[in-house]
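First the structure, in the form of structure tokens, and then the observations on it.
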Amino acid sequence: MPGDSVALALRSPRPVFGALLRPQCLDIHPGHANPALAQLLRCTGARRYAVITACNPGSRQLAAADNAARQAWLAERLTCLKLRFFPACNGPDASDWPAEPSFLVLDAPLALLRRLGRACGQNALVAGRRDGRPRLVWLHA
């Protein structure tokens with residue numbers, strides 16, 4: 001995807017994770033297959049993906065500046081680990097909860113992402129494989 005700009009779009013009041021790759025928006029809903037996402041993964045050669053955030057640990061809303069600092073830390077970790085990742089967004093499941101900046105990470109080991117998610121104080125992340133359905137991965141089971 002060199003040269004393509006990646007941004008996130010919120011398309012539904014339901015929990016949604018999505019990437020906007022011009023001109024297409026890729027909504028990711030846990031439990032629902034997304035052929036466009038599978039195509040993106042095929043085009044990039046990726047076999048799996050995850051959506052992870054450092055914002056609002058433990059479902060506790062933080063100030064925007066605190067969340068930005070946490071996201072910067074996570075971006076630095078993903079970069080140091082030489083992982084492929086793009087900006088993303090976790091959509092709210094209620095109107096009183098803000099959308100959260102996130103990252104769409106390609107081909108990272110799930111065990112590593114689980115550790116990063118726990119280090120960020122997260123309850124869960126969303127993960128999936130190229131031809132599968134995304135699922136919530138609980139981090140404190």
Side-chain angles (χ1 to χ4, degrees), residues 1-2 4-141:
M1 293 184 312
D4 281 351
S5 102
V6 180
L8 265 246
L10 177 63
R11 302 296 253 195
S12 166
R14 298 171 299 179
V16 62
F17 308 82
L20 178 61
L21 294 127
R22 274 188 245 158
Q24 181 175 9
C25 178
L26 303 175
D27 286 348
I28 303 168
H29 296 274
H32 300 278
N34 183 320
L37 176 60
Q39 177 64 26
L40 168 67
L41 296 172
R42 277 191 290 281
C43 289
T44 61
R47 299 178 60 81
R48 63 183 176 257
Y49 63 91
V51 179
I52 186 171
T53 186
C55 294
N56 301 317
S59 299
R60 202 179 71 247
Q61 287 188 34
L62 299 182
D66 293 333
N67 281 329
R70 297 174 64 79
Q71 278 298 100
W73 179 88
L74 181 56
E76 182 180 331
R77 294 301 318 137
L78 295 171
T79 300
C80 288
L81 292 165
K82 298 182 181 348
L83 297 174
R84 284 193 297 170
F85 66 98
F86 304 96
C89 182
N90 292 345
D93 57 0
S95 61
D96 63 343
W97 193 261
E100 298 173 335
S102 306
F103 297 109
L104 174 66
V105 184
L106 303 181
D107 281 337
L110 185 56
L112 172 63
L113 293 173
R114 290 174 65 95
R115 284 193 300 274
L116 283 173
R118 284 192 294 270
C120 292
Q122 297 302 302
N123 294 323
L125 57 86
V126 172
R129 296 196 168 273
R130 182 185 300 164
D131 295 321
R133 295 172 191 253
R135 63 186 175 94
L136 280 175
V137 177
W138 296 103
L139 302 178
H140 302 286

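Computed from heavy atoms alone, side chains included, the values below leave out hydrogens, waters and symmetry copies.
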Considering all heavy atoms, the nearest [X]-[Y] contact:
X      : Y      : result
Leu139 : Gln122 : CD1-O, 3.6 Å
Glu100 : Asn56  : OE2-ND2, 2.9 Å
Leu113 : Ala50  : CD1-CB, 3.4 Å
Gly45  : Asp107 : O-OD2, 3.8 Å

**Item:** Arg70 side-chain N/O to Ala54 backbone N/O, donor-acceptor pair under 3.5 Å
**Value:** yes

In Å and rounded to the nearest 0.5 Å, what is the [atom1] to [atom2] distance from [X] to [Y]?
X      : Y      : atom1 : atom2 : result
Asn34  : Leu41  : CG    : CG    : 9.0 Å
His32  : Leu37  : NE2   : CG    : 14.0 Å
Leu125 : Arg114 : CG    : CZ    : 7.5 Å

Would you indicate whether the side-chain heavy atoms of [Y] and [X] approach each other to under 4.5 Å?
X      : Y      : value
Gln71  : Cys55  : yes
Val105 : Leu116 : no
Asn67  : Thr53  : no
Arg48  : Leu110 : no
His140 : Asn123 : yes

**Request:** Just grab all the salt bridge (charged side-chain N to carboxylate O under 4.0 Å, His left out) pairs involving residues 123-134, residues at least two apart or on different chains.
**Result:** Arg42-Asp131

**Message:** Give me each pair satisfying ring-ring contact (aromatic ring centres under 6.0 Å, His included) with a member in residues 102-130, each pair once, sequence neighbours excluded.
**Reply:** Phe85-Phe103

